[in-house]
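What follows is a set of notes on a single structure, which appears directly below.
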Number of protein chains: 4
Amino acid sequence: MTDKKENILNAALELFAKEGFTATSTSKIAKKAGVSEGLIFRHFKNKDGLLEAILHEGEERIKILFANIIFETNAKKVIDLVFDMVLGIAASSDATDFWKLQYKIKWELEMYAESKMEPLELALTNAFKKLAFNNPEMEARSLLIIMDGLAMRYFLQKDFDINSAVNFLREKFKQ
Amino acid sequence: MTDKKENILNAALELFAKEGFTATSTSKIAKKAGVSEGLIFRHFKNKDGLLEAILHEGEERIKILFANIIFETNAKKVIDLVFDMVLGIAASSDATDFWKLQYKIKWELEMYAESKMEPLELALTNAFKKLAFNNPEMEARSLLIIMDGLAMRYFLQKDFDINSAVNFLREKFKQ
Amino acid sequence: MTDKKENILNAALELFAKEGFTATSTSKIAKKAGVSEGLIFRHFKNKDGLLEAILHEGEERIKILFANIIFETNAKKVIDLVFDMVLGIAASSDATDFWKLQYKIKWELEMYAESKMEPLELALTNAFKKLAFNNPEMEARSLLIIMDGLAMRYFLQKDFDINSAVNFLREKFKQ
Amino acid sequence: MTDKKENILNAALELFAKEGFTATSTSKIAKKAGVSEGLIFRHFKNKDGLLEAILHEGEERIKILFANIIFETNAKKVIDLVFDMVLGIAASSDATDFWKLQYKIKWELEMYAESKMEPLELALTNAFKKLAFNNPEMEARSLLIIMDGLAMRYFLQKDFDINSAVNFLREKFKQ
DNA sequence: TATGAATGAGGTTTCATTCAT
DNA sequence: AATGAATGAAACCTCATTCAT
């Protein structure tokens with residue numbers, strides 16, 4: 001991948017995450033990337049293609065992130081890792097941009113990537129089963145719902161204290 | 001308020017909730033409302049002014065909704081009512097539009113109306129205190145975070161079974 | 001004439017003089033006049049009609065102004081009065097608005113009301129003839145041209161010292 | 001500069017001069033220039049930017065015009081050249097458009113470009129000094145005021161005979 | 001007489017996209 | 001691969017004007 005193509009991808013990720021897909025114009029992206037507007041279309045065909053490319057790169061990244069959790073065999077550790085993942089979002093501005101885009105796009109395009117989450121839900125279900133929870137499926141689903149709630153707050157509430165919230169909920173899932 | 005003004009407000013609410021604020025053009029709103037485009041600007045000055053008007057109406061509606069919970073004295077009932085409220089979202093398409101807009105706008109404009117939620121958080125804190133929970137503040141906050149997670153799933157995941165999720169989590173908060 | 005009609009006329013005069021005819025919207029006039037926009041059209045049929053009304057009032061005012069000069073029999077006094085008239089423009093903000101509008105409209109609509117000036121030119125020609133000038137017609141015409149130049153500077157040049165310019169030119173016409 | 005950019009500039013100059021800045025729509029300019037409306041904004045950002053570009057080109061043109069007068073050392077010739085300049089306006093339709101725009105814009109935007117005229121006023125003052133006039137500063141200023149008066153008449157009065165007026169006034173300044 | 005709701009045409013500007021180079 | 005000129009459609013908004021009350 002050429003430098004300029006990367007620049008476009010990075011600029012678009014940042015802008016889509018900050019302002020949303022529709023509200024970000026290709027000209028703004030080109031300017032931020034230090035590139036002519038035409039080049040965006042040469043590389044990605046159209047604005048949708050650019051988004052697709054970003055989302056595709058995102059999927060790869062998510063797969064890697066999830067892999068670390070899915071291949072964990074210690075049940076308690078699995079649950080802990082899920083909570084850690086949320087804390088990880090807040091750890092780097094890069095990760096923040098990345099996840100914020102994922103959520104913003106979800107809302108703007110109204111699609112919840114259930115399939116992407118499935119392996120994680122399965123891993124969690126399995127962990128809760130091992131820990132002899134009554135309803136491991138629902139337990140797993142609930143945990144992921146909470147993750148979404150936490151992420152939402154972190155992204156949208158200026159002074160949200162994500163650490164104490166995560167710690168508190170972590171305890172709740174140790175029964 | 002004249003009929004046509006109402007029509008505009010209704011059309012805009014529906015379209016903003018379905019397509020988002022930026023992606024909805026004033027001409028689309030006018031067409032749906034059966035009204036000339038200019039009338040939107042006569043009544044609301046701006047597209048922003050139209051949004052503000054809708055959001056303002058929304059605040060009033062939220063105040064009423066919350067009042068029913070806040071003035072409940074039975075602690076267990078308070079918590080139950082919060083869960084019921086989430087179920088209420090799914091009960092009518094009108095309520096769905098209303099709440100979906102609230103969430104979509106939050107994401108598009110990146111603002112979490114913390115202040116609006118404060119009275120509810122206080123009422124919940126008080127309820128958990130009465131029920132002798134260890135950390136009533138965090139318990140209340142967590143419950144609201146979960147509400148956000150549930151709403152998010154309901155709006156974005158096609159086949160999400162909100163009822164069973166709510167029922168399961170409801171139990172979790174009975175310790 | 002009703003109060004409100006007068007208000008419209010005054011507001012329009014002021015705004016047309018300040019911002020020009022095209023650049024002044026009927027809604028701005030209505031707001032400044034403290035009147036509904038519709039009333040402008042009730043009284044004056046349309047925006048052009050409003051301008052016409054103002055211009056018509058202006059003609060009356062000009063006739064009166066000119067009368068004082070035209071009926072003067074002392075030749076030297078006639079010339080002096082023309083110079084005094086220019087100084088008079090600067091004397092009151094009301095007169096400034098009035099004349100500024102006359103000039104602005106001339107430029108915007110590209111019409112020089114020669115006929116309006118004819119009696120004045122005739123009076124001046126006659127005065128110069130009495131004073132035995134070689135070419136009284138051209139002398140009169142030149143004086144009026146100078147008046148236009150002076151007015152233009154007064155209206156458009158921030159720090160223009162109209163008094164000293166008038167005094168200097170006044171001497172020039174005493175040969 | 002591309003052909004189309006030039007076309008826009010020319011069309012705008014002509015239309016602004018004929019109809020005024022506010023009254024000329026960008027769509028009219030585009031049509032006359034044989035160009036898409038969007039191109040105006042790509043090249044000049046704004047309608048204001050387009051005007052600025054025209055005015056900027058105008059300044060350059062004025063500088064060149066004035067240079068010929070300012071570097072003249074023969075005092076009588078300097079004064080003659082100023083009168084010639086006015087006659088020059090009427091000589092070509094291109095020059096007419098150019099100067100008409102300068103005047104129209106002055107009136108529409110209410111700004112007299114004193115600084116632009118300063119070098120000319122200085123040169124004239126110097127000329128009158130050399131010719132031993134009593135008050136060379138005022139003499140120079142008056143001459144320029146008269147130029148404005150002449151230009152105004154030429155542009156606004158249908159049948160104005162600029163030649164005889166210029167010739168007459170030219171004599172007046174030979175004392 | 002006076003208002004205020006309403007409109008349709010047209011205004012400036014932005015946008016995604018194409019194309020010649 | 002990369003640019004920059006160019007476009008047409010559509011965006012938001014303003015305007016003069018009409019009409020029912």
Side-chain angles (χ1 to χ4, degrees), chain A residues 1-5 7-8 21-30 33-50, chain B residues 1-5 7-8 21-30 33-50, chain C residues 1-5 7-8 21-30 33-51, chain D residues 1-5 7-8 22-30 33-50:
Chain A
M1 177 144 50
T2 61
D3 266 12
K4 300 218 167 184
K5 194 171 174 186
N7 285 351
I8 294 170
F21 176 72
T22 310
T24 301
S25 68
T26 50
S27 98
K28 235 189 290 182
I29 296 168
V35 141
S36 75
E37 214 176 336
L39 194 58
I40 293 174
F41 295 87
R42 176 136 198 44
H43 279 309
F44 304 100
K45 186 159 171 35
N46 52 35
K47 204 185 165 190
D48 285 347
L50 174 56
Chain B
M1 179 146 46
T2 59
D3 271 9
K4 300 219 169 186
K5 192 172 176 186
N7 287 352
I8 293 170
F21 176 72
T22 310
T24 302
S25 70
T26 49
S27 93
K28 231 187 296 181
I29 295 168
V35 140
S36 74
E37 206 176 343
L39 193 57
I40 294 173
F41 297 90
R42 266 216 153 266
H43 278 310
F44 304 101
K45 185 167 172 50
N46 274 337
K47 204 186 165 191
D48 284 350
L50 173 56
Chain C
M1 178 145 48
T2 61
D3 266 12
K4 300 218 167 185
K5 193 171 176 185
N7 287 350
I8 294 171
F21 176 72
T22 311
T24 301
S25 68
T26 48
S27 99
K28 234 187 293 182
I29 296 167
V35 141
S36 76
E37 215 176 335
L39 194 58
I40 293 173
F41 295 87
R42 177 134 197 45
H43 279 310
F44 304 100
K45 184 157 172 31
N46 53 34
K47 204 186 165 189
D48 285 346
L50 174 55
L51 177 63
Chain D
M1 177 143 49
T2 61
D3 271 9
K4 301 219 168 185
K5 192 172 175 186
N7 287 351
I8 293 170
T22 310
T24 301
S25 71
T26 49
S27 95
K28 232 188 296 181
I29 295 167
V35 141
S36 74
E37 207 177 343
L39 193 59
I40 294 174
F41 296 90
R42 266 216 151 266
H43 279 311
F44 304 100
K45 186 164 172 49
N46 273 335
K47 204 186 164 189
D48 284 350
L50 173 56

Could you provide the dot-bracket string of DNA chain F, using ( ) for intrastrand pairs, [ ] for crossing pairs and | for bases paired to another strand, with Watson-Crick or G-U pairs below 3.5 Å? .||||||||||||||||||||
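Near-neighbour residues of DNA chain F inside residues 40-47 of chain D, defined by a heavy atom below 4.0 Å, number-ordered: D:R42, D:H43.
Here the shortest heavy-atom pairing between A:A30 and A:S36 reads CB-C, 4.0 Å.
Rounded to an integer number of Å, the gap from CE of D:M1 to P of F:dA5 is 12 Å. Put simply, CZ on B:F21 is 13 Å from P on F:dA11, counting in whole angstrom units. Atom CG in B:L39 sits about 16 Å away from atom P in E:dA9, given to the nearest Å. One can place CG of D:D48 at 16 Å from P of E:dG11, the figure rounded to the nearest angstrom. Between the CD1 atom of C:I8 and the C1' atom of F:dA16 there is a distance of 15 Å, given to the nearest Å.
The cationic group of A:K47 lies under 6.0 Å from the six-membered ring centre of A:F21 and within 45° of the ring axis, placing it in a cation-pi geometry.
Mapping B:G38 and C:G38 onto DNA chain F by nearest heavy atom places B:G38 at the nucleotide closer to the 5' end. Between B:D3 and D:E37, the residue anchored nearer the 5' end of DNA chain E, judged by the nucleotide with its closest heavy atom, is B:D3.
Contact annotation for B:K5: no contact, since no heavy-atom pair falls under 4.0 Å across all strands.
Side-chain nitrogen and oxygen atoms of D:K28 include none within less than 4.0 Å of the OP1 or OP2 phosphate oxygen of E:dG10. Remark: B:T22 is not in phosphate contact with F:dA11, judged by side-chain N or O atoms under 4.0 Å from OP1 or OP2. The side chain of B:T26 places no N or O atom within less than 4.0 Å of a non-bridging phosphate oxygen (OP1 or OP2) of F:dA11. In this structure, C:S36 does not reach the E:dG4 phosphate: none of its side-chain N or O atoms is under 4.0 Å from OP1 or OP2. Contact annotation: B:S27 reaches the phosphate of F:dA11 (side-chain N/O to OP1 or OP2, under 4.0 Å).
Listed by chain and number, the residues in a salt bridge (charged side-chain N to carboxylate O under 4.0 Å, His left out) with A:K28 are A:E19 (sequence neighbours excluded).
At a cut-off of 3.5 Å, with distance as the only test, a side-chain donor of A:E37 or A:T26 sits close to an acceptor on the other residue.
Considering only the side chain of C:K4, E:dA2 comes nearest among E:dA5, E:dA2, F:dA5.
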